[in-house]
Amino acid sequence: MRELSTRQKAFATVGVMLTLLLVSLDQTVVGTAMPRIIAELNGLSVYAWVTTAYLVSSTVLVPVSGKLGDMFGRKPFMLVGMVGFMVGSWLCGFAQNMPELIAFRAIQGAFGGMLFANTFTVLADIFDVQQRVRMQGIFGAVFGLSSVIGPTVGGYITDSLGWRWVFYVNVPVGVLAVAVVAAALPYVRSKATWREIDFLGAGVLAAGVVPLLIGLSITNDHSWTSPEVLGLLVVAGVMLALFFVVETRWAEHPVVPFDLFRHNQFAISVAVAFFSAIGMFGAIIFVPLLYQGVLGVSATNSGNLLIPMMGGLVVFSTLTGQLMVRVRYYRFLGTVGVGAMIAAMWLLTQVEPDTSQWSVAARIVLLGAGLGMTFPLTIAVVQAALPRQVVGVATSQIQFWRNLGGTVGTAVLGSILARELTGDIKARVAALHLPPQFTLPSGSASNPRAALDPAHVAHLRATLPPQFQPLFDQVIHAMRLGLADALHQVFLIGAAILVAALVATVLLREVPLSRQRSQAPEPELPVEAATRS
(Lines give C-alpha, C1' and ligand atoms only; values in the text may rest on other atoms or scores of the structure.)
Protein backbone atom coordinates (compact mmCIF):
# COMPACT_ATOMS: atom_id res chain seq x y z
CA MET A 1 0.00 0.00 0.00
CA ARG A 2 1.34 3.46 -0.90
CA GLU A 3 2.19 5.95 1.84
CA LEU A 4 -0.96 7.70 3.02
CA SER A 5 -1.40 11.22 4.30
CA THR A 6 -2.48 11.77 7.89
CA ARG A 7 -6.01 12.57 6.73
CA GLN A 8 -6.19 9.44 4.58
CA LYS A 9 -4.94 7.32 7.48
CA ALA A 10 -7.60 8.79 9.74
CA PHE A 11 -10.46 8.09 7.33
CA ALA A 12 -9.15 4.62 6.48
CA THR A 13 -8.86 3.81 10.18
CA VAL A 14 -12.45 4.92 10.77
CA GLY A 15 -13.59 2.63 7.96
CA VAL A 16 -11.70 -0.33 9.41
CA MET A 17 -13.10 0.42 12.86
CA LEU A 18 -16.64 0.44 11.48
CA THR A 19 -15.95 -2.90 9.81
CA LEU A 20 -14.80 -4.39 13.10
CA LEU A 21 -17.83 -2.83 14.80
CA LEU A 22 -20.12 -4.50 12.26
CA VAL A 23 -18.81 -8.00 12.96
CA SER A 24 -18.38 -7.74 16.74
CA LEU A 25 -21.74 -6.03 17.24
CA ASP A 26 -23.46 -9.01 15.64
CA GLN A 27 -21.85 -11.50 18.02
CA THR A 28 -22.84 -9.65 21.18
CA VAL A 29 -26.34 -8.66 20.08
CA VAL A 30 -27.22 -12.19 19.01
CA GLY A 31 -25.60 -13.74 22.10
CA THR A 32 -28.01 -11.95 24.42
CA ALA A 33 -31.03 -12.99 22.35
CA MET A 34 -30.07 -16.66 22.05
CA PRO A 35 -31.95 -17.93 25.13
CA ARG A 36 -35.17 -16.41 23.78
CA ILE A 37 -34.48 -17.73 20.28
CA ILE A 38 -34.06 -21.30 21.47
CA ALA A 39 -37.14 -20.95 23.68
CA GLU A 40 -39.32 -19.86 20.72
CA LEU A 41 -37.83 -22.21 18.12
CA ASN A 42 -37.47 -25.09 20.62
CA GLY A 43 -33.82 -25.56 19.84
CA LEU A 44 -31.94 -26.11 23.08
CA SER A 45 -30.52 -29.40 21.79
CA VAL A 46 -28.80 -27.48 18.98
CA TYR A 47 -28.11 -24.36 21.06
CA ALA A 48 -24.39 -24.27 20.25
CA TRP A 49 -24.93 -25.02 16.55
CA VAL A 50 -26.11 -21.48 15.80
CA THR A 51 -22.73 -20.16 16.87
CA THR A 52 -20.81 -23.21 15.65
CA ALA A 53 -22.19 -22.84 12.12
CA TYR A 54 -21.10 -19.22 12.04
CA LEU A 55 -17.64 -20.01 13.35
CA VAL A 56 -17.10 -23.04 11.11
CA SER A 57 -17.66 -21.08 7.91
CA SER A 58 -15.77 -18.09 9.27
CA THR A 59 -12.83 -20.24 10.35
CA VAL A 60 -12.52 -21.91 6.95
CA LEU A 61 -12.72 -18.61 5.07
CA VAL A 62 -10.28 -16.61 7.23
CA PRO A 63 -6.97 -18.06 5.92
CA VAL A 64 -8.25 -18.24 2.35
CA SER A 65 -9.48 -14.64 2.40
CA GLY A 66 -6.31 -13.44 4.09
CA LYS A 67 -4.20 -14.95 1.32
CA LEU A 68 -6.47 -13.56 -1.38
CA GLY A 69 -6.29 -10.14 0.24
CA ASP A 70 -2.49 -10.29 0.05
CA MET A 71 -2.68 -11.25 -3.61
CA PHE A 72 -5.46 -9.04 -4.97
CA GLY A 73 -5.84 -6.22 -2.45
CA ARG A 74 -7.96 -6.03 0.69
CA LYS A 75 -10.50 -3.40 -0.29
CA PRO A 76 -12.61 -5.60 -2.64
CA PHE A 77 -12.82 -8.39 -0.06
CA MET A 78 -13.77 -5.99 2.71
CA LEU A 79 -16.56 -4.49 0.61
CA VAL A 80 -17.88 -7.87 -0.55
CA GLY A 81 -17.61 -9.17 3.01
CA MET A 82 -19.66 -6.32 4.45
CA VAL A 83 -22.41 -6.53 1.82
CA GLY A 84 -22.64 -10.32 2.17
CA PHE A 85 -22.64 -10.04 5.95
CA MET A 86 -25.64 -7.71 5.85
CA VAL A 87 -27.51 -10.04 3.48
CA GLY A 88 -26.82 -12.96 5.82
CA SER A 89 -28.17 -10.92 8.74
CA TRP A 90 -31.45 -10.30 6.95
CA LEU A 91 -31.79 -13.99 6.12
CA CYS A 92 -31.26 -14.90 9.78
CA GLY A 93 -34.05 -12.51 10.73
CA PHE A 94 -36.45 -14.35 8.43
CA ALA A 95 -35.56 -17.84 9.71
CA GLN A 96 -38.64 -19.92 10.62
CA ASN A 97 -36.87 -22.79 12.39
CA MET A 98 -33.51 -23.72 13.85
CA PRO A 99 -32.13 -25.49 10.72
CA GLU A 100 -32.79 -22.35 8.66
CA LEU A 101 -31.21 -20.12 11.28
CA ILE A 102 -28.15 -22.36 11.45
CA ALA A 103 -27.78 -22.35 7.65
CA PHE A 104 -28.13 -18.57 7.41
CA ARG A 105 -25.63 -18.06 10.22
CA ALA A 106 -23.18 -20.18 8.25
CA ILE A 107 -23.62 -17.86 5.25
CA GLN A 108 -23.17 -14.86 7.49
CA GLY A 109 -20.03 -16.41 8.99
CA ALA A 110 -18.42 -16.93 5.59
CA PHE A 111 -18.55 -13.20 4.89
CA GLY A 112 -17.54 -12.46 8.47
CA GLY A 113 -14.41 -14.50 7.82
CA MET A 114 -13.58 -12.22 4.89
CA LEU A 115 -13.83 -9.20 7.17
CA PHE A 116 -11.80 -10.63 10.05
CA ALA A 117 -9.07 -11.84 7.67
CA ASN A 118 -8.37 -8.37 6.27
CA THR A 119 -9.31 -5.92 9.02
CA PHE A 120 -6.21 -6.22 11.20
CA THR A 121 -3.90 -6.67 8.20
CA VAL A 122 -4.99 -3.27 6.86
CA LEU A 123 -3.79 -1.85 10.17
CA ALA A 124 -0.37 -3.36 9.53
CA ASP A 125 -0.30 -1.69 6.11
CA ILE A 126 -1.22 1.75 7.44
CA PHE A 127 0.87 2.12 10.64
CA ASP A 128 4.41 1.41 11.77
CA VAL A 129 5.05 -1.05 14.59
CA GLN A 130 4.85 1.33 17.54
CA GLN A 131 1.68 3.05 16.30
CA ARG A 132 0.15 -0.26 15.38
CA VAL A 133 0.64 -1.75 18.85
CA ARG A 134 -1.25 1.17 20.33
CA MET A 135 -3.94 0.82 17.68
CA GLN A 136 -4.33 -2.87 18.52
CA GLY A 137 -5.32 -1.83 22.03
CA ILE A 138 -7.73 0.78 20.68
CA PHE A 139 -9.27 -1.72 18.28
CA GLY A 140 -9.69 -4.09 21.20
CA ALA A 141 -11.56 -1.25 22.88
CA VAL A 142 -13.72 -0.87 19.75
CA PHE A 143 -14.62 -4.53 20.07
CA GLY A 144 -15.41 -3.94 23.73
CA LEU A 145 -17.47 -0.84 22.95
CA SER A 146 -19.60 -2.78 20.49
CA SER A 147 -19.98 -5.42 23.14
CA VAL A 148 -21.13 -2.81 25.65
CA ILE A 149 -23.73 -1.53 23.20
CA GLY A 150 -24.65 -4.95 21.84
CA PRO A 151 -26.01 -6.74 24.91
CA THR A 152 -28.10 -3.74 25.95
CA VAL A 153 -29.49 -3.17 22.46
CA GLY A 154 -29.99 -6.90 21.93
CA GLY A 155 -31.81 -7.34 25.21
CA TYR A 156 -34.03 -4.32 24.65
CA ILE A 157 -34.91 -5.34 21.09
CA THR A 158 -35.58 -8.93 22.17
CA ASP A 159 -38.00 -7.84 24.90
CA SER A 160 -39.73 -5.07 22.93
CA LEU A 161 -39.65 -5.99 19.23
CA GLY A 162 -38.70 -9.67 19.19
CA TRP A 163 -35.48 -11.54 18.62
CA ARG A 164 -35.62 -11.31 14.81
CA TRP A 165 -34.80 -7.62 14.94
CA VAL A 166 -31.45 -8.27 16.58
CA PHE A 167 -30.20 -9.39 13.17
CA TYR A 168 -31.49 -6.31 11.40
CA VAL A 169 -29.43 -3.99 13.63
CA ASN A 170 -26.37 -4.85 11.52
CA VAL A 171 -27.74 -3.07 8.48
CA PRO A 172 -27.29 0.63 9.43
CA VAL A 173 -23.79 -0.02 10.76
CA GLY A 174 -22.97 -2.01 7.62
CA VAL A 175 -24.20 0.68 5.26
CA LEU A 176 -22.07 3.30 6.99
CA ALA A 177 -19.01 1.01 7.01
CA VAL A 178 -19.38 0.26 3.27
CA ALA A 179 -19.62 3.97 2.47
CA VAL A 180 -16.51 4.93 4.47
CA VAL A 181 -14.35 2.02 3.28
CA ALA A 182 -15.36 2.57 -0.35
CA ALA A 183 -14.45 6.26 -0.13
CA ALA A 184 -11.38 6.23 2.13
CA LEU A 185 -9.48 2.96 1.69
CA PRO A 186 -7.31 2.97 -1.46
CA TYR A 187 -7.33 -0.01 -3.77
CA VAL A 188 -3.90 -1.58 -4.25
CA ARG A 189 -3.44 -3.43 -7.50
CA SER A 190 -1.48 -6.65 -7.56
CA LYS A 191 0.35 -8.63 -10.21
CA ALA A 192 -0.98 -11.88 -8.80
CA THR A 193 -3.18 -14.12 -10.93
CA TRP A 194 -5.90 -16.58 -10.05
CA ARG A 195 -3.59 -19.41 -11.09
CA GLU A 196 -1.52 -18.74 -7.98
CA ILE A 197 -4.41 -19.51 -5.61
CA ASP A 198 -3.98 -22.67 -3.58
CA PHE A 199 -7.39 -24.13 -4.43
CA LEU A 200 -6.33 -27.64 -3.46
CA GLY A 201 -5.07 -26.56 -0.05
CA ALA A 202 -8.20 -24.52 0.64
CA GLY A 203 -10.44 -27.43 -0.32
CA VAL A 204 -8.56 -29.98 1.76
CA LEU A 205 -8.54 -27.59 4.72
CA ALA A 206 -12.31 -27.24 4.53
CA ALA A 207 -12.66 -31.01 4.17
CA GLY A 208 -10.73 -31.45 7.41
CA VAL A 209 -12.08 -28.61 9.56
CA VAL A 210 -15.78 -29.11 8.79
CA PRO A 211 -16.07 -32.79 9.86
CA LEU A 212 -13.89 -32.06 12.89
CA LEU A 213 -16.24 -29.38 14.15
CA ILE A 214 -19.39 -31.29 13.24
CA GLY A 215 -18.06 -34.34 15.04
CA LEU A 216 -17.46 -32.28 18.15
CA SER A 217 -20.85 -30.59 17.91
CA ILE A 218 -22.97 -33.74 17.67
CA THR A 219 -21.58 -35.03 20.97
CA ASN A 220 -24.57 -33.31 22.62
CA ASP A 221 -26.76 -36.22 21.51
CA HIS A 222 -24.15 -38.82 20.50
CA SER A 223 -21.61 -40.61 22.62
CA TRP A 224 -17.98 -39.66 22.04
CA THR A 225 -17.38 -43.29 21.09
CA SER A 226 -20.39 -43.52 18.74
CA PRO A 227 -19.73 -44.47 15.09
CA GLU A 228 -20.95 -41.05 13.92
CA VAL A 229 -18.56 -39.07 16.11
CA LEU A 230 -15.61 -41.39 15.62
CA GLY A 231 -16.22 -41.55 11.87
CA LEU A 232 -16.24 -37.78 11.50
CA LEU A 233 -13.15 -37.36 13.66
CA VAL A 234 -11.27 -40.02 11.67
CA VAL A 235 -12.19 -38.32 8.40
CA ALA A 236 -11.09 -34.99 9.84
CA GLY A 237 -7.78 -36.46 11.01
CA VAL A 238 -7.05 -37.99 7.61
CA MET A 239 -7.94 -34.81 5.71
CA LEU A 240 -5.94 -32.55 8.04
CA ALA A 241 -2.92 -34.86 7.70
CA LEU A 242 -3.34 -34.67 3.92
CA PHE A 243 -3.63 -30.89 4.22
CA PHE A 244 -0.26 -30.78 5.99
CA VAL A 245 1.33 -32.79 3.18
CA VAL A 246 -0.25 -30.59 0.50
CA GLU A 247 0.88 -27.36 2.14
CA THR A 248 4.45 -28.46 2.94
CA ARG A 249 5.27 -30.39 -0.24
CA TRP A 250 3.03 -29.42 -3.14
CA ALA A 251 1.64 -25.91 -2.66
CA GLU A 252 3.69 -23.10 -4.18
CA HIS A 253 1.58 -20.47 -2.36
CA PRO A 254 0.23 -22.32 0.72
CA VAL A 255 -2.85 -21.14 2.54
CA VAL A 256 -1.19 -22.07 5.85
CA PRO A 257 2.62 -21.64 5.77
CA PHE A 258 3.67 -24.18 8.39
CA ASP A 259 7.26 -22.88 8.38
CA LEU A 260 6.05 -19.91 10.40
CA PHE A 261 5.40 -22.18 13.36
CA ARG A 262 9.16 -22.39 13.86
CA HIS A 263 9.07 -18.79 15.08
CA ASN A 264 8.57 -18.61 18.83
CA GLN A 265 6.49 -15.44 18.59
CA PHE A 266 4.18 -16.90 15.97
CA ALA A 267 3.74 -20.33 17.58
CA ILE A 268 3.15 -18.92 21.07
CA SER A 269 0.74 -16.27 19.77
CA VAL A 270 -1.24 -18.99 18.00
CA ALA A 271 -1.45 -21.01 21.22
CA VAL A 272 -2.57 -18.00 23.28
CA ALA A 273 -5.15 -16.98 20.66
CA PHE A 274 -6.49 -20.54 20.33
CA PHE A 275 -6.94 -21.31 24.03
CA SER A 276 -7.99 -17.84 25.20
CA ALA A 277 -10.74 -17.84 22.55
CA ILE A 278 -12.43 -20.59 24.52
CA GLY A 279 -12.77 -18.24 27.47
CA MET A 280 -13.99 -15.41 25.25
CA PHE A 281 -16.69 -17.39 23.49
CA GLY A 282 -17.61 -19.17 26.71
CA ALA A 283 -18.41 -15.76 28.18
CA ILE A 284 -20.26 -14.40 25.15
CA ILE A 285 -22.43 -17.50 24.74
CA PHE A 286 -22.99 -18.90 28.21
CA VAL A 287 -23.02 -15.87 30.53
CA PRO A 288 -26.38 -14.64 29.11
CA LEU A 289 -27.76 -18.14 29.73
CA LEU A 290 -26.47 -17.92 33.29
CA TYR A 291 -28.23 -14.60 33.84
CA GLN A 292 -31.53 -15.46 32.18
CA GLY A 293 -31.78 -19.14 33.06
CA VAL A 294 -30.22 -19.27 36.54
CA LEU A 295 -30.81 -15.80 37.96
CA GLY A 296 -34.14 -15.38 36.15
CA VAL A 297 -33.54 -11.87 34.81
CA SER A 298 -35.05 -10.54 31.57
CA ALA A 299 -33.12 -10.38 28.32
CA THR A 300 -32.86 -6.59 28.67
CA ASN A 301 -31.41 -6.78 32.18
CA SER A 302 -29.04 -9.58 31.21
CA GLY A 303 -27.71 -7.33 28.47
CA ASN A 304 -27.23 -4.48 30.94
CA LEU A 305 -25.42 -6.79 33.35
CA LEU A 306 -22.90 -7.72 30.63
CA ILE A 307 -21.80 -4.09 30.39
CA PRO A 308 -19.30 -4.41 33.29
CA MET A 309 -17.49 -7.26 31.53
CA MET A 310 -17.11 -5.28 28.34
CA GLY A 311 -16.19 -2.18 30.31
CA GLY A 312 -13.28 -4.15 31.75
CA LEU A 313 -12.33 -5.27 28.25
CA VAL A 314 -12.38 -1.70 26.89
CA VAL A 315 -10.27 -0.25 29.70
CA PHE A 316 -7.66 -3.01 29.90
CA SER A 317 -7.35 -3.49 26.14
CA THR A 318 -6.55 0.19 25.66
CA LEU A 319 -4.22 0.20 28.67
CA THR A 320 -2.39 -2.92 27.48
CA GLY A 321 -1.82 -1.42 24.03
CA GLN A 322 -0.13 1.56 25.69
CA LEU A 323 1.88 -0.52 28.17
CA MET A 324 3.26 -2.98 25.62
CA VAL A 325 5.52 -0.33 24.05
CA ARG A 326 6.78 0.77 27.48
CA VAL A 327 7.29 -2.55 29.31
CA ARG A 328 10.21 -4.79 28.35
CA TYR A 329 8.76 -8.06 29.63
CA TYR A 330 5.33 -7.46 28.17
CA ARG A 331 4.61 -11.17 27.92
CA PHE A 332 3.64 -11.07 31.58
CA LEU A 333 0.77 -8.74 30.70
CA GLY A 334 -0.68 -11.73 28.88
CA THR A 335 0.11 -14.00 31.84
CA VAL A 336 -1.78 -11.74 34.22
CA GLY A 337 -4.66 -11.45 31.73
CA VAL A 338 -5.10 -15.19 31.26
CA GLY A 339 -4.78 -15.71 35.01
CA ALA A 340 -7.61 -13.25 35.56
CA MET A 341 -9.76 -15.14 33.05
CA ILE A 342 -9.13 -18.43 34.84
CA ALA A 343 -10.01 -16.92 38.21
CA ALA A 344 -13.20 -15.40 36.78
CA MET A 345 -14.31 -18.68 35.19
CA TRP A 346 -13.75 -20.49 38.50
CA LEU A 347 -15.77 -17.85 40.37
CA LEU A 348 -18.63 -18.33 37.90
CA THR A 349 -18.83 -21.98 38.98
CA GLN A 350 -20.04 -20.70 42.37
CA VAL A 351 -23.11 -18.86 41.01
CA GLU A 352 -26.50 -20.10 42.27
CA PRO A 353 -30.06 -18.76 41.69
CA ASP A 354 -29.88 -16.71 44.89
CA THR A 355 -26.51 -15.12 44.01
CA SER A 356 -26.63 -11.33 43.74
CA GLN A 357 -26.70 -10.02 40.18
CA TRP A 358 -23.99 -7.50 40.99
CA SER A 359 -21.85 -10.20 42.55
CA VAL A 360 -21.95 -11.99 39.21
CA ALA A 361 -21.25 -8.70 37.43
CA ALA A 362 -18.10 -8.22 39.54
CA ARG A 363 -16.87 -11.64 38.47
CA ILE A 364 -17.34 -10.92 34.80
CA VAL A 365 -15.55 -7.57 35.17
CA LEU A 366 -12.52 -9.70 36.03
CA LEU A 367 -13.18 -11.85 32.97
CA GLY A 368 -13.43 -8.78 30.74
CA ALA A 369 -10.19 -7.37 32.15
CA GLY A 370 -8.40 -10.61 31.35
CA LEU A 371 -9.76 -10.65 27.82
CA GLY A 372 -8.69 -7.05 27.34
CA MET A 373 -5.13 -7.81 28.38
CA THR A 374 -4.71 -10.78 26.04
CA PHE A 375 -6.52 -9.41 22.97
CA PRO A 376 -3.85 -6.91 21.72
CA LEU A 377 -0.91 -9.16 22.56
CA THR A 378 -0.99 -11.83 19.86
CA ILE A 379 -1.38 -9.84 16.65
CA ALA A 380 0.91 -7.02 17.80
CA VAL A 381 3.75 -9.44 18.62
CA VAL A 382 3.42 -11.37 15.37
CA GLN A 383 3.35 -8.24 13.24
CA ALA A 384 6.43 -6.88 15.03
CA ALA A 385 8.43 -10.13 14.95
CA LEU A 386 7.95 -11.08 11.29
CA PRO A 387 9.08 -9.26 8.14
CA ARG A 388 6.57 -7.16 6.26
CA GLN A 389 6.11 -9.58 3.38
CA VAL A 390 4.52 -12.20 5.67
CA VAL A 391 2.53 -9.88 7.95
CA GLY A 392 -0.74 -10.40 6.06
CA VAL A 393 -0.49 -14.18 6.05
CA ALA A 394 0.60 -14.32 9.70
CA THR A 395 -2.13 -11.94 10.87
CA SER A 396 -4.87 -13.95 9.19
CA GLN A 397 -3.41 -17.08 10.77
CA ILE A 398 -3.80 -15.63 14.27
CA GLN A 399 -7.43 -14.88 13.52
CA PHE A 400 -7.84 -18.34 11.99
CA TRP A 401 -6.60 -20.06 15.14
CA ARG A 402 -8.63 -17.73 17.36
CA ASN A 403 -11.75 -18.63 15.39
CA LEU A 404 -10.85 -22.31 15.46
CA GLY A 405 -10.37 -22.17 19.22
CA GLY A 406 -13.71 -20.43 19.63
CA THR A 407 -15.40 -22.99 17.42
CA VAL A 408 -13.88 -26.00 19.17
CA GLY A 409 -14.57 -24.47 22.57
CA THR A 410 -18.17 -23.66 21.71
CA ALA A 411 -18.77 -27.14 20.33
CA VAL A 412 -17.17 -28.96 23.26
CA LEU A 413 -18.65 -26.76 26.00
CA GLY A 414 -22.03 -26.73 24.25
CA SER A 415 -22.05 -30.51 23.99
CA ILE A 416 -21.22 -30.78 27.68
CA LEU A 417 -24.10 -28.45 28.54
CA ALA A 418 -26.58 -30.29 26.35
CA ARG A 419 -25.49 -33.70 27.65
CA GLU A 420 -25.66 -32.77 31.33
CA LEU A 421 -28.58 -30.35 31.40
CA THR A 422 -31.60 -32.65 31.22
CA GLY A 423 -30.22 -35.06 33.80
CA ASP A 424 -29.28 -32.26 36.20
CA ILE A 425 -32.73 -30.69 35.94
CA LYS A 426 -34.53 -34.01 36.45
CA ALA A 427 -32.35 -34.79 39.45
CA ARG A 428 -33.10 -31.43 41.07
CA VAL A 429 -36.85 -31.75 40.42
CA ALA A 430 -36.91 -35.34 41.69
CA ALA A 431 -35.23 -34.21 44.91
CA LEU A 432 -38.32 -32.11 45.71
CA HIS A 433 -40.42 -35.29 46.23
CA LEU A 434 -43.51 -33.59 44.83
CA PRO A 435 -46.90 -34.98 45.92
CA PRO A 436 -48.47 -37.30 43.34
CA GLN A 437 -51.54 -35.08 42.95
CA PHE A 438 -49.32 -32.26 41.68
CA THR A 439 -48.71 -32.45 37.93
CA LEU A 440 -47.15 -30.01 35.50
CA PRO A 441 -48.09 -29.61 31.85
CA SER A 442 -46.54 -32.30 29.67
CA GLY A 443 -42.76 -31.93 29.38
CA SER A 444 -42.48 -28.95 31.70
CA ALA A 445 -40.43 -30.74 34.31
CA SER A 446 -37.56 -31.24 31.88
CA ASN A 447 -38.15 -28.42 29.42
CA PRO A 448 -35.71 -25.57 30.11
CA ARG A 449 -38.03 -23.12 28.37
CA ALA A 450 -39.87 -22.88 31.68
CA ALA A 451 -36.74 -21.35 33.19
CA LEU A 452 -35.64 -19.28 30.20
CA ASP A 453 -38.86 -17.54 29.15
CA PRO A 454 -40.55 -15.40 31.84
CA ALA A 455 -43.75 -15.19 29.80
CA HIS A 456 -43.89 -18.98 29.55
CA VAL A 457 -43.30 -19.27 33.30
CA ALA A 458 -46.19 -16.90 34.01
CA HIS A 459 -48.44 -18.77 31.59
CA LEU A 460 -47.72 -22.16 33.14
CA ARG A 461 -48.22 -20.82 36.65
CA ALA A 462 -51.58 -19.28 35.72
CA THR A 463 -52.87 -22.63 34.44
CA LEU A 464 -52.43 -24.27 37.86
CA PRO A 465 -54.83 -24.12 40.81
CA PRO A 466 -53.75 -21.57 43.46
CA GLN A 467 -52.83 -24.27 46.00
CA PHE A 468 -50.30 -25.74 43.54
CA GLN A 469 -48.62 -22.49 42.54
CA PRO A 470 -46.11 -22.52 45.47
CA LEU A 471 -45.07 -26.03 44.40
CA PHE A 472 -44.67 -24.77 40.85
CA ASP A 473 -42.34 -22.04 42.13
CA GLN A 474 -40.24 -24.73 43.80
CA VAL A 475 -40.03 -26.63 40.51
CA ILE A 476 -38.85 -23.54 38.64
CA HIS A 477 -36.22 -22.94 41.32
CA ALA A 478 -35.09 -26.56 41.05
CA MET A 479 -34.82 -26.24 37.27
CA ARG A 480 -32.63 -23.18 37.68
CA LEU A 481 -30.46 -25.12 40.11
CA GLY A 482 -30.14 -27.89 37.51
CA LEU A 483 -29.15 -25.39 34.82
CA ALA A 484 -26.61 -23.89 37.25
CA ASP A 485 -25.14 -27.36 37.87
CA ALA A 486 -24.63 -27.89 34.14
CA LEU A 487 -23.15 -24.43 33.60
CA HIS A 488 -20.77 -24.92 36.53
CA GLN A 489 -19.23 -27.86 34.67
CA VAL A 490 -18.94 -25.77 31.51
CA PHE A 491 -17.12 -22.93 33.24
CA LEU A 492 -14.86 -25.28 35.19
CA ILE A 493 -13.74 -27.11 32.06
CA GLY A 494 -13.24 -23.78 30.30
CA ALA A 495 -10.97 -22.61 33.12
CA ALA A 496 -8.94 -25.83 32.91
CA ILE A 497 -8.40 -25.35 29.18
CA LEU A 498 -7.22 -21.77 29.73
CA VAL A 499 -4.29 -23.10 31.77
CA ALA A 500 -2.63 -23.99 28.44
CA ALA A 501 -2.81 -20.33 27.37
CA LEU A 502 -1.37 -19.30 30.74
CA VAL A 503 1.67 -21.54 30.26
CA ALA A 504 2.12 -20.32 26.66
CA THR A 505 2.37 -16.66 27.67
CA VAL A 506 5.31 -17.41 29.96
CA LEU A 507 7.19 -19.07 27.07
CA LEU A 508 6.88 -16.06 24.73
CA ARG A 509 10.13 -14.37 23.70
CA GLU A 510 9.69 -10.60 23.54
CA VAL A 511 10.81 -8.55 20.53
CA PRO A 512 11.20 -4.77 20.71
CA LEU A 513 7.97 -2.99 19.76
CA SER A 514 9.43 0.49 19.27
CA ARG A 515 11.24 0.00 15.98
CA GLN A 516 9.78 0.61 12.54
CA ARG A 517 8.52 -2.12 10.26
CA SER A 518 11.49 -1.80 7.94
CA GLN A 519 13.79 -2.77 10.80
CA ALA A 520 11.98 -5.99 11.59
CA PRO A 521 14.31 -9.00 11.62
CA GLU A 522 14.35 -11.44 8.81
CA PRO A 523 13.00 -14.87 9.69
CA GLU A 524 15.31 -17.74 10.43
CA LEU A 525 13.54 -19.99 7.93
CA PRO A 526 12.39 -19.93 4.32
CA VAL A 527 8.97 -18.38 3.93
CA GLU A 528 9.00 -17.70 0.20
CA ALA A 529 6.21 -20.19 -0.36
CA ALA A 530 4.02 -18.13 1.90
CA THR A 531 4.88 -14.75 0.49
CA ARG A 532 5.14 -15.01 -3.27
CA SER A 533 2.17 -13.26 -4.78
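Side chains included, hydrogens not; waters and symmetry mates left out as well; all remaining heavy atoms used.
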Enquirer: Listed by chain and number, what are the salt bridge (Lys or Arg N to Asp or Glu O under 4.0 Å) partners of R331, not counting sequence neighbours?
Expert: E510
Enquirer: Among residues at least two apart in sequence or on other chains, which ones pass side chain to side chain contact (heavy atoms under 4.5 Å, CB included) with V87?
Expert: L91
Enquirer: Who are the ring pair (Phe, Tyr, Trp, His ring centres under 6.0 Å) partners of F266, not counting sequence neighbours?
Expert: F261
Enquirer: Go through the structure and list residues passing side chain to side chain contact (heavy atoms under 4.5 Å, CB included) with V235, not counting sequence neighbours.
Expert: P211, M239
Enquirer: Could you point out which residue of V503, L502, L371, V506 forms a side-chain contact (heavy atoms from CB on, under 4.5 Å) with V338?
Expert: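 When side-chain contact (heavy atoms from CB on, under 4.5 Å) is applied between V338 and each of V503, L502, L371, V506, only L502 qualifies.
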Enquirer: Sequence neighbours left out, what passes side-chain hydrogen bond (donor to acceptor under 3.5 Å, both in side chains) with T320? Give chain and number order.
Expert: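 Listed in chain order: nothing, the list is empty.
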Enquirer: Can you name the salt bridge (Lys or Arg N to Asp or Glu O under 4.0 Å) partners of E420, sequence neighbours left out?
Expert: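 Residues passing salt bridge (Lys or Arg N to Asp or Glu O under 4.0 Å) with E420: none at all.
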Enquirer: Taking only residues two or more places apart in sequence or in another chain, which ones pass side-chain hydrogen bond (donor to acceptor under 3.5 Å, both in side chains) with D485?
Expert: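 Checked D485 against side-chain hydrogen bond (donor to acceptor under 3.5 Å, both in side chains); matches are R428.
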Enquirer: For a quick test of your reading: what N or O donor-acceptor pairs under 3.5 Å do the side chains of residues 201-210 make, sequence neighbours left out?
Expert:
none

Enquirer: Is there a donor-acceptor pair closer than 3.5 Å between any side-chain N or O of Q265 and the backbone N or O of R509?
Expert: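 Checked: pair present.
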Enquirer: Treating Q292 as the side-chain partner and L290 as the backbone partner, does any N or O pair qualify as donor plus acceptor under 3.5 Å?
Expert: no
Enquirer: Run the side chain to side chain contact (heavy atoms under 4.5 Å, CB included) test against T248 and tell me which residues pass, sequence neighbours left out.
Expert: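 Side chain to side chain contact (heavy atoms under 4.5 Å, CB included) list for T248, sorted by chain: F244, F258.
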Enquirer: Are W90 and Y168 close enough that their ring centres sit under 6.0 Å apart?
Expert: yes
Enquirer: Could you tell me whether a side-chain N or O of R164 sits under 3.5 Å from a main-chain N or O of A95, the two making a donor and an acceptor?
Expert: yes
Enquirer: Excluding sequence neighbours, so at least two apart, what forms side chain to side chain contact (heavy atoms under 4.5 Å, CB included) with S57?
Expert: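 With neighbours one apart ignored, the set is A106, A110.
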Enquirer: Once the angle between the rings of Y54 and F85 is folded into 0 to 90°, is it parallel (under 30°), tilted (30 to 60°) or perpendicular (over 60°)?
Expert: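 Aromatic pair Y54/F85 classed perpendicular.
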Enquirer: Can you sort out the partners of D424 under salt bridge (Lys or Arg N to Asp or Glu O under 4.0 Å), two or more places apart, ordered by chain and number?
Expert: none
Enquirer: Do L348 and I364 come close enough that some side-chain heavy atom pair is under 4.5 Å?
Expert: yes
Enquirer: Which side-chain hydrogen bond (donor to acceptor under 3.5 Å, both in side chains) pairs, counting each pair once, include a residue from residues 497-508, with sequence neighbours left out?
Expert: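 Only T335-T505 qualify under side-chain hydrogen bond (donor to acceptor under 3.5 Å, both in side chains).
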